[in-house]
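Notes for the one structure printed next.
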Amino acid sequence: MTSLPRLVVLISGRGSNLQALVAAIRQGRLHATVAAVVSNRPDAAGLHFAVAQGFPTRVVSHVGLSRTEHSAALREVVLPFEPDLICLAGFMRLLAPPFTRTFPNRIVNIHPSLLPAFPGLDAQRQAFDYGVKVSGCTVHLVDDDLDHGPIVMQSVVPVLDDDTPETLAARILAAEHKTYPAAVEQLLHQPWRIEGRRVVFQSYQSV
Ligand code: GRF
């Protein structure tokens, strides 16, 4: 039996996307194992879930560190877990070369908008205020720029006339919970390459 690909999940808060990844593993939709959960905040609610699941957890606080110093500290903590893929799941710090160069094309993020529209904080409210009729979520590879790397998968949700920023965010979050595990499964188990900014998956027939 071959061993399962190893995920290290980075969180800063609630951890509902972490829970969605774990649910997908349990339900056989995602063939992977969670090697560790790492937070930059000791009070991240997602850490409680991780501990309850028996996953190794670590806290690498960003307080008092530059972006580069924090990324270097994260690298030292994450490397021993030998991740095949690092999943940012509500991780609210920008990563820098000490981390990104150590794991090229092996870091993914989920963002609650259809990138390149509405990067950054409060993306759901940005979309609501702009008046777009559809929004959604984006899973993308992580580079050194904010919400910028090549796109792996996107899901579209409608913006309804009676939406509030909160109801829109809830609809997007439900899409995130389906999209992130599906994207991670595809990255781990289907051959792919990068052409320019495009992540191109090879169909099994042409492998
Ligand atoms: C999600 O909306 C995700 O797209 C964004 O931060 C939020 C994290 O939520 N990057 P959770 O911690 O996974 O519940």
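Atoms within a ligand are numbered from 1 in the order they appear, just like the ligands themselves. Treat the numbers as computed from the prediction; the structure is a model and nothing was measured. Along the sequence shown, residues are numbered consecutively beginning with 1.
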Exercise for the section: Report yes if some heavy atom in the side chain of His177 is under 4.5 Å from a heavy atom in the side chain of Asn17; otherwise report no. Expected result: yes
query: Quick one: do Val132 and Val157 end up in the same hydrophobic cluster if we chain Ile, Leu, Val, Met, Phe, Trp and Tyr together by side-chain heavy atoms under 4.5 Å apart?
result: yes
Requested in this report: May I ask you to decide if the ring planes of His70 and Phe91 are parallel, tilted or perpendicular, using 30° and 60° as cut-offs?
Outcome: parallel
Hits for salt bridge (charged side-chain N to carboxylate O under 4.0 Å, His left out) against Glu82, two or more places apart or cross-chain, chain-then-number order -> none
Just the distances, no angles: every ligand 1 N or O to protein N or O pair closer than 3.5 Å, one line each.
{"residue": "ligand 1", "atom": "2 (O)", "partner": "Glu176", "partner atom": "OE1", "Å": "3.2"}
{"residue": "ligand 1", "atom": "2 (O)", "partner": "Glu176", "partner atom": "OE2", "Å": "3.0"}
{"residue": "ligand 1", "atom": "4 (O)", "partner": "Ile110", "partner atom": "O", "Å": "3.3"}
{"residue": "ligand 1", "atom": "4 (O)", "partner": "Glu176", "partner atom": "OE1", "Å": "2.6"}
{"residue": "ligand 1", "atom": "4 (O)", "partner": "Glu176", "partner atom": "OE2", "Å": "3.4"}
{"residue": "ligand 1", "atom": "9 (O)", "partner": "Arg14", "partner atom": "NH2", "Å": "3.0"}
{"residue": "ligand 1", "atom": "10 (N)", "partner": "Ile110", "partner atom": "O", "Å": "3.0"}
{"residue": "ligand 1", "atom": "12 (O)", "partner": "Gly15", "partner atom": "N", "Å": "2.8"}
{"residue": "ligand 1", "atom": "13 (O)", "partner": "Ser16", "partner atom": "N", "Å": "3.3"}
{"residue": "ligand 1", "atom": "13 (O)", "partner": "Asn17", "partner atom": "N", "Å": "2.9"}
{"residue": "ligand 1", "atom": "13 (O)", "partner": "Asn17", "partner atom": "ND2", "Å": "3.0"}
{"residue": "ligand 1", "atom": "14 (O)", "partner": "Arg14", "partner atom": "NE", "Å": "2.5"}
{"residue": "ligand 1", "atom": "14 (O)", "partner": "Arg14", "partner atom": "NH2", "Å": "3.2"}
{"residue": "ligand 1", "atom": "14 (O)", "partner": "Ser16", "partner atom": "N", "Å": "2.8"}
{"residue": "ligand 1", "atom": "14 (O)", "partner": "Ser16", "partner atom": "OG", "Å": "2.5"}

Inset, instruction - Before accepting this row, confirm whether a basic side-chain N of the pair Glu166/Arg171 lies closer than 4.0 Å to the acidic partner's carboxylate O. - result: no
Worksheet entry | Flag side-chain contact, heavy atom, 4.5 Å: Gln53 against Val37 | no
